[in-house]
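Worth knowing before you read on, the calculation uses all heavy atoms, side chains too, and leaves out hydrogens, waters and symmetry mates. Chain letters run A, B, ... following the sequence lines, proteins first, then strands; residues in each count from 1.
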Protein chains: 4
Amino acid sequence: MRAARPRRADARRNEKTLLDAAAAIFVTSGVEAPVRDIAAEAGVGTATIYRHFPTRADLIIAVYRHQVEACAEAGPALLASSATPYAALRQWINLFVDFLVTKHGLAAVLQSDSAGFGNLHAYFLDRLLPVCTQLLDAAADSGEIRSGLDAYALLRGVGNLCIGADSDPRYDARRLVELLIAGLRRPR
Amino acid sequence: MRAARPRRADARRNEKTLLDAAAAIFVTSGVEAPVRDIAAEAGVGTATIYRHFPTRADLIIAVYRHQVEACAEAGPALLASSATPYAALRQWINLFVDFLVTKHGLAAVLQSDSAGFGNLHAYFLDRLLPVCTQLLDAAADSGEIRSGLDAYALLRGVGNLCIGADSDPRYDARRLVELLIAGLRRPR
Amino acid sequence: MRAARPRRADARRNEKTLLDAAAAIFVTSGVEAPVRDIAAEAGVGTATIYRHFPTRADLIIAVYRHQVEACAEAGPALLASSATPYAALRQWINLFVDFLVTKHGLAAVLQSDSAGFGNLHAYFLDRLLPVCTQLLDAAADSGEIRSGLDAYALLRGVGNLCIGADSDPRYDARRLVELLIAGLRRPR
Amino acid sequence: MRAARPRRADARRNEKTLLDAAAAIFVTSGVEAPVRDIAAEAGVGTATIYRHFPTRADLIIAVYRHQVEACAEAGPALLASSATPYAALRQWINLFVDFLVTKHGLAAVLQSDSAGFGNLHAYFLDRLLPVCTQLLDAAADSGEIRSGLDAYALLRGVGNLCIGADSDPRYDARRLVELLIAGLRRPR
DNA sequence: AATGAATGAGGGTTCATTCAT
DNA sequence: TATGAATGAACCCTCATTCAT
């Protein structure tokens with residue numbers, strides 16, 4: 001039997017450095033920043049990044065994983081704690097928007113169909129689509145919203161509304177998403 | 001001394017060729033297609049394109065000018081012919097969406113803050129913002145919609161919703177924009 | 001009607017510069033030398049090389065085309081002028097060896113199966129295989145040599161014997177090829 | 001104080017693992033396969049390989065040592081058992097070819113002048129050159145072959161003929177070597 | 001002694017843009 | 001005025017090899 005790998009503690013610390021560096025660069029240059037810039041920020045060779053994160057999608061996922069998970073987990077909680085399913089949906093979407101709006105370039109990349117971001121796309125869908133579907137279904141069942149809107153389309157629409165949300169003070173993605181969600185409401 | 005007119009006619013014909021070529025390439029490869037591809041399609045050297053259209057924004061503007069103008073002009077007309085200002089706004093937005101959705105990559109570039117698209121941004125705003133403002137104001141004045149939404153934000157939000165609208169059958173930009181506009185409506 | 005492209009003269013001169021530079025670098029560093037080195041030798045940007053010669057195989061072919069053609073054309077001439085077909089074959093092979101032995105790394109690359117040299121392989125075969133076949137057949141018909149040796153195998157064997165022929169004074173490719181050709185002779 | 005022997009046994013077993021792994025990888029990916037692949041196959045860190053075999057040449061030598069030794073030892077035996085020295089030479093060369101032809105990439109590396117394979121080159125020469133010289137001399141003394149061919153050149157020529165012998169069904173290295181040896185024969 | 005993480009030098013390739021003809 | 005050749009900056013990615021644990 002083999003003892004747990006001793007280097008692991010070190011490597012994990014290093015990985016943390018990498019993620020911090022990537023996060024910092026993502027903020028200033030967007031998630032498509034050159035690998036070299038990230039490596040430089042981390043004080044590390046480029047290959048080190050490739051070792052830890054073979055594709056850019058892997059890196060992006062790792063950087064945002066905690067927040068995506070938190071968002072996913074918030075769905076059922078909100079459903080349980082909110083007055084109505086529609087209120088839960090609305091709040092959950094706001095969480096998603098709060099997340100996206102602060103991630104320079106992420107929303108843009110999320111809708112890019114360029115191969116290589118496939119994993120990223122898949123990850124977000126994998127984690128968030130079921131949650132969104134659940135909330136949407138609940139709100140439809142309660143009769144609060146029109147039915148017939150795909151959770152996929154909604155997520156993507158919300159994501160799109162977040163593109164370029166920073167870097168333009170005249171553009172208020174949160175407000176627009178609010179309107180979109182308001183528009184979902186079944187007219188009386 | 002040289003006659004000025006005949007040259008002008010020549011140049012204009014040449015420019016037409018360029019625009020047709022660009023339009024064709026934009027359809028197949030998006031508005032960020034390599035300059036070379038466009039030049040090749042036009043049967044022209046790359047420098048010729050730069051002479052006529054110093055920046056890519058200039059070229060894009062020229063290609064879509066007619067349609068943008070038409071869209072701008074449709075605003076007042078719709079306002080005059082529609083039952084209510086809100087109906088006019090809604091139809092006008094739909095016109096804009098119909099335009100954007102069919103222009104591969106245009107919506108994406110419209111929100112790009114990368115210098116070099118500044119002109120493009122400015123042109124669209126210059127032509128469409130007044131129209132949108134007028135429609136929005138009219139609808140606000142009539143009491144049909146909530147006030148407080150900037151025309152700039154609306155235009156940009158609609159533009160964003162159109163990103164990637166082709167190339168993904170599961171995503172329906174028109175529907176989402178409809179919801180957004182529905183959300184504008186003042187709740188009773 | 002359009003006049004012949006005026007730039008062509010210039011470009012051709014430049015191409016000559018490129019070929020000379022490539023040839024020079026091939027001599028010192030072999031035919032697999034970095035594109036950048038060749039560009040530097042030519043005093044040219046790397047992309048210039050790619051413009052003229054999209055793949056490395058194209059460049060190699062261009063550098064050696066004249067000599068390969070000359071070799072190919074020498075075949076029938078030798079057949080006509082030599083005392084016997086076997087003598088012609090022997091002299092032709094010697095020509096081929098003389099060519100290869102002075103081309104650092106070419107023989108090695110000729111037998112490389114790494115994709116990307118496919119074109120090169122094909123070119124050599126296309127030009128030289130028919131000639132070699134003709135000579136081999138003639139010598140077989142005359143009864144001078146054993147039959148049953150494929151021209152392809154012969155060419156490749158000769159090529160292989162030329163690998164590393166420069167850079168090692170103790171190795172005499174010409175002598176070995178002579179022995180190989182001698183071995184072809186039908187024993188009495 | 002530490003006992004020396006038991007460690008030694010351990011190390012030797014470890015080395016065996018390494019050699020087996022290297023041999024396996026050499027078969028599938030050739031003798032220039034990435035160090036990492038070999039380490040992975042052995043279930044070992046890369047540095048472990050460097051500790052045991054500082055250069056790739058050392059590793060290759062170790063992998064094939066037994067077969068090279070066997071080949072070397074076969075020389076005198078063949079000389080003793082064969083009808084004539086020439087027959088012995090011929091059979092010995094065939095043994096060498098059989099060895100080389102089945103070692104993916106070995107023949108190619110044997111003639112590489114890239115520093116780092118110096119050891120390898122030296123080892124093969126050290127073991128095989130005396131044997132080949134002895135056989136060649138004997139055959140020359142018996143009057144069966146032309147004299148004047150260096151054993152070094154012969155070995156290297158045979159090695160070259162074996163390059164790429166696998167991976168191309170149209171190329172028959174054994175046949176060509178046979179012709180080369182036949183060519184050595186003194187003409188009557 | 002073994003590990004496997006980190007290093008960083010290379011090499012290939014693509015365009016936007018300039019410039020000589 | 002038109003041309004299209006040349007430019008060269010940017011990026012990505014792969015390993016051989018070293019080094020801290």
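Between the CG atom of Asp58(A) and the C1' atom of dC12(F) there is a distance of 15 Å, rounded to whole Å. In this structure, Leu59(A) places its CG atom 15 Å from C1' of dC13(F), rounding to the nearest Å. Going from atom CD1 of Ile49(D) over to atom C1' of dT3(E) covers 12 Å, rounded to whole Å. Across the protein-nucleic acid pair, Ile25(C) atom CD1 and dG11(E) atom P stand 12 Å apart, rounded to whole Å.
Residues Leu120(A) and Asp58(A) form no side-chain contact, since every pair of their non-hydrogen atoms from C-beta on lies 4.5 Å or further apart. Counting heavy atoms from C-beta on, the side chains of Tyr50(A) and Val35(A) come closer than 4.5 Å. When side chains are defined from C-beta on, Val44(A) counts as touching Leu18(A), because their heavy atoms get closer than 4.5 Å. Looking at heavy atoms from C-beta onward, Phe53(C) lies out of side-chain contact with Val63(C) at the 4.5 angstrom threshold. Side-chain contact between Phe117(D) and Arg56(D) is present, with at least one heavy-atom pair separated by less than 4.5 Å.
Annotation: proximity of residues 30-42 of chain A to DNA chain F (heavy atom, distance under 4.0 Å) is found for Pro34(A), Val35(A), Arg36(A), numbered in ascending order.
For the OP1/OP2 pair of dA6(E) and a distance below 4.0 Å, the side-chain nitrogens and oxygens of Asn14(A) include at least one atom meeting the criterion. Dashed line: the shortest gap from a side-chain N or O of His52(A) to OP1 or OP2 of dA6(E) is under 4.0 Å. Listed pair Thr48(A) / dA5(E) fails the phosphate criterion, with no side-chain N or O lying under 4.0 Å from OP1 or OP2.
Looking at which nucleotide of DNA chain E each of Pro54(B) and Val44(D) is closest to, the 5′-most match is held by Val44(D).
Candidate nucleotides dT7(F), dC12(F), dA6(E) were compared by shortest atom distance to the side chain of Tyr50(A), and dC12(F) ranks first. Considering only side-chain atoms of Arg56(C), the nucleotide from dG12(E), dA9(F), dA6(E) that sits closest is dG12(E). Among dA5(E), dT18(E), dG8(E), the nucleotide with an atom closest to any side-chain atom of Arg51(A) is dA5(E). In the set dT17(F), dT7(E), dA6(F), the nucleotide with an atom closest to the side chain of Thr46(D) is dT17(F).
Residues Asn160(D) and Gln111(D) share a closest heavy-atom pair of OD1-CG, 3.4 Å. For the pair Ile61(D) and Asn119(D), the tightest heavy-atom approach, listed with the atom from each and the gap, is CD1-O, 3.8 Å. Leu59(C) and Ala22(C) get closest at one heavy-atom pair: CD1-CB, 4.0 Å.
Secondary-structure annotation of DNA chain E gives the stems E:2-21 with F:2-21, with a stem taken as at least 3 successive Watson-Crick or G-U pairs whose two distances both fall under 3.5 Å.
When the side chain to side chain contact (heavy atoms under 4.5 Å, CB included) test is applied to Ser29(D), the partners found at least two apart in sequence or on another chain are Ile25(D), Ala33(D).
The base of dA16(F) is not paired with the side chain of Thr55(D) by any donor and acceptor separated by under 3.5 Å.
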